[in-house]
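A short write-up of the structure that comes next.
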Amino acid sequence: VAALVMVSSLATANTFPNKPITLIVPFSAGGPTDVVTRKLVEKLEKDTSLKFAVFNKPGAAHVIGYNHVISSDKPTLIISTPEIISHEGYSKLDEVYTLGYFTNVLFVSKKSNIQNFKQLTELSKSRQIIFGHGGVGTYSHRAMQTVCEKTLKCLDVAYKGGSQGILAVMTGEIDVYALTSYGIKQFLENNMLVPIYNVGTAKEKNWVKLFSKNVSSADKETILNVLKSQDFKFYSDMGFEK
């Protein structure tokens with residue numbers, strides 16, 4: 001009987017699901033970063049025995065999400081960009097993998113009367129362009145500044161991430177929104193948005209990486225091996241350069 005109990009206990013231990021790794025999205029649900037995160041989770045759960053619990057923690061140019069990771073005592077991951085380097089707790093995170101590089105793109109609604117950058121420039125001669133971005137200090141904010149300082153008269157409006165900005169463009173609340181080039185494929189396929197201008201930036205600075213805290217070496221190695229083994233198309237379909 002004791003042997004049977006032991007075998008049963010071992011079987012239960014071996015088949016019981018692993019506790020999920022928390023994965024923080026530092027932007028609101030439905031935006032580009034959220035889209036990319038969920039595609040990665042789908043791939044990782046398919047190819048490994050790991051499980052993930054995704055939580056959105058938007059706000060403060062993703063510092064809120066980052067602070068959540070820093071203070072967590074659980075295995076936690078976050079997808080982030082160079083913006084967090086200036087944060088005092090950056091050294092507490094382990095870099096897992098560079099997902100790719102990106103640029104910034106200006107988008108208007110498919111239903112808008114503005115369908116190219118020339119029309120946007122002409123409109124700015126008669127009134128301010130209402131320009132949305134992801135918050136002061138974000139890459140979309142810098143893209144907005146680059147364009148407006150040189151070309152347009154702008155009134156800028158900050159949002160807590162791409163999903164809110166996209167909705168604002170679609171409803172006509174703003175004229176244009178600056179998005180990253182990654183995670184936007186579904187919006188283009190649905191004919192929701194029209195890209196009108198690519199804001200060129202230094203490639204070596206515009207990376208998106210996966211960082212971890214309290215994740216075991218074995219699990220990090222597993223995640224790294226899966227991500228490294230994906231072909232170019234896997235990342236280019238998400239809008240990354242490699």
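Given the structure is predicted, the values throughout are model-derived calculations rather than measurements. Just the heavy atoms: all of them, side chains too, but no hydrogens, waters or symmetry mates, feed the values below.
Pairs of residues two or more places apart, or lying in two chains, that qualify as side chain to side chain donor-acceptor pair (under 3.5 Å) and include a residue from residues 161-171 are S28-S163. Sequence neighbours left out, not one pair with a member in residues 210-242 passes disulfide (SG to SG under 2.5 Å). Sorted by first then second residue, the ring pair (Phe, Tyr, Trp, His ring centres under 6.0 Å) pairs that include residues 103-125, not counting sequence neighbours, are F117-Y197. Screening residues 107-176 for disulfide (SG to SG under 2.5 Å) gives C148-C154 as the qualifying pairs, with residues at least two apart or on separate chains. Under the disulfide (SG to SG under 2.5 Å) criterion, no residue pair touches residues 21-52, with sequence neighbours excluded.
Atom CD1 of I24 is separated from atom CD1 of I64 by 12.0 Å, given to the nearest 0.5 angstrom. With values rounded to the nearest 0.5 angstrom, K74 atom NZ is found 6.0 Å from T22 atom OG1. Taken to the nearest 0.5 Å, the CZ atom of F55 stands 13.5 Å off from the CD1 atom of I78. L152 CG to D175 CG: the interatomic distance, rounded to the nearest 0.5 Å, is 10.0 Å. Rounding to the nearest 0.5 angstrom, the gap separating the NZ atom in K209 from the OH atom in Y97 is 11.5 Å. Taking CG of L210 as the reference point, atom CG of L44 lies at 8.0 Å (rounded to 0.5 Å).
Hydrophobic clustering of Ile, Leu, Val, Met, Phe, Trp and Tyr side chains at less than 4.5 Å, counting indirect connections, keeps L155 apart from V169. Grouping the Ile, Leu, Val, Met, Phe, Trp and Tyr side chains by contacts below 4.5 angstrom, directly or via other members, places L99 with L224. Linking ILVMFWY side-chain heavy atoms closer than 4.5 Å, directly or via other members, places Y235 and V41 in a single hydrophobic cluster. Residue L167 is not grouped with residue V108 when hydrophobic side chains (ILVMFWY) are merged at heavy-atom distances under 4.5 angstrom, including chains of intermediate members. If you chain together hydrophobic residues whose side chains sit under 4.5 Å apart, L23 and V35 never meet in one group.
For the side-chain hydrogen bond (donor to acceptor under 3.5 Å, both in side chains) test, residues two or more places apart in sequence or in another chain that qualify with K220 are D94. Every residue two or more places apart in sequence or in another chain that forms a side-chain hydrogen bond (donor to acceptor under 3.5 Å, both in side chains) with T76 is listed here: S72. For D34, the salt bridge (charged side-chain N to carboxylate O under 4.0 Å, His left out) partners at least two apart in sequence or on another chain are R38. Residues passing the side chain to side chain contact (heavy atoms under 4.5 Å, CB included) test with K125 are E122, sequence neighbours excluded. Under the rule for a side-chain hydrogen bond (donor to acceptor under 3.5 Å, both in side chains), the partners of K43 that lie at least two apart in sequence or sit in another chain are D47. Looking at residues two or more places apart in sequence or on another chain, you find no salt bridge (charged side-chain N to carboxylate O under 4.0 Å, His left out) involving K153. Residues satisfying the salt bridge (charged side-chain N to carboxylate O under 4.0 Å, His left out) criterion with D237, sequence neighbours excluded, are K185, K233.
Taking all atoms of both residues into account, the shortest heavy-atom contact from S181 to V105 is CB-CG2, 4.2 Å. Of all non-hydrogen atoms in P32 and I184, the two that sit nearest each other are CG-CG2, 4.0 Å. Scanning all heavy atoms of the two residues, the minimum distance from I130 to V157 falls at CG2-CG2, 3.9 Å. Shown here for I129 and S124, the closest heavy-atom pair between the two residues is CG1-CB, 3.6 Å. Between I223 and L50, the shortest heavy-atom distance links the atoms CG1-CD1, 3.7 Å. Considering every non-hydrogen atom in both Q115 and S109, the closest pair reads NE2-O, 3.2 Å.
The closest donor-acceptor contact from the side chain of K213 to the backbone of L93 lies at 3.5 Å or more, if one exists at all. For T98 (side chain) and G100 (main-chain N/O), no donor-acceptor pair under 3.5 Å exists by modelled atom type. Without hydrogens or angle criteria, S140 side chain to G134 main chain gives a donor-acceptor distance under 3.5 Å. A donor-acceptor pair is defined here as one N or O able to donate and one able to accept, closer than 3.5 Å; such a pair exists between the side chain of E45 and the backbone of F52. The backbone N or O of T33 sits less than 3.5 Å from a side-chain atom of T37, completing a donor-acceptor pair. Judged by distance alone, with hydrogens and angles left aside, the side-chain atoms of K19 form no donor-acceptor pair with the main-chain N or O of P75 at under 3.5 Å. Between the side chain of D219 and the backbone N or O of V215 there is no donor-acceptor pair closer than 3.5 Å. For the pair Q230 (side chain) and V226 (backbone), a donor-acceptor distance under 3.5 Å is present.
Between M144 and L106 there is no side-chain heavy-atom pair separated by less than 4.5 Å. By the 4.5 Å heavy-atom criterion applied to side chains, L120 and I196 are counted as neighbours. For the pair I21/L77, a side-chain contact is recorded, criterion being any heavy-atom separation below 4.5 Å from C-beta on. Taking the side chain as every heavy atom from C-beta outward, M238 and L40 approach each other to under 4.5 Å. Contact check for M170 versus L193: side-chain heavy atoms found under the 4.5 Å cut-off.
Among Y101, F240, W207, the single residue meeting the ring-ring contact (aromatic ring centres under 6.0 Å, His included) criterion with Y182 is F240.
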- Message: Evaluate T180 against N104 for side chain to side chain contact (heavy atoms under 4.5 Å, CB included), listing each step before the verdict.
- Response: CA-CA 4 Å; T180 61; N104 290 279; 4.1 Å; yes

Given side chain to side chain contact (heavy atoms under 4.5 Å, CB included), test I166 with M192 step by step and report yes or no.
CA-CA 9 Å; I166 290 168; M192 297 168 61; 4.3 Å; yes

Quick one: do Y159 and H133 satisfy side chain to side chain contact (heavy atoms under 4.5 Å, CB included)? Show the steps, please.
-> CA-CA 6 Å; Y159 294 90; H133 58 83; over 6 Å; no

Side chain to side chain contact (heavy atoms under 4.5 Å, CB included) between V54 and V25: does it pass, once the steps are laid out? CA-CA 7 Å; V54 179; V25 181; 3.6 Å; yes

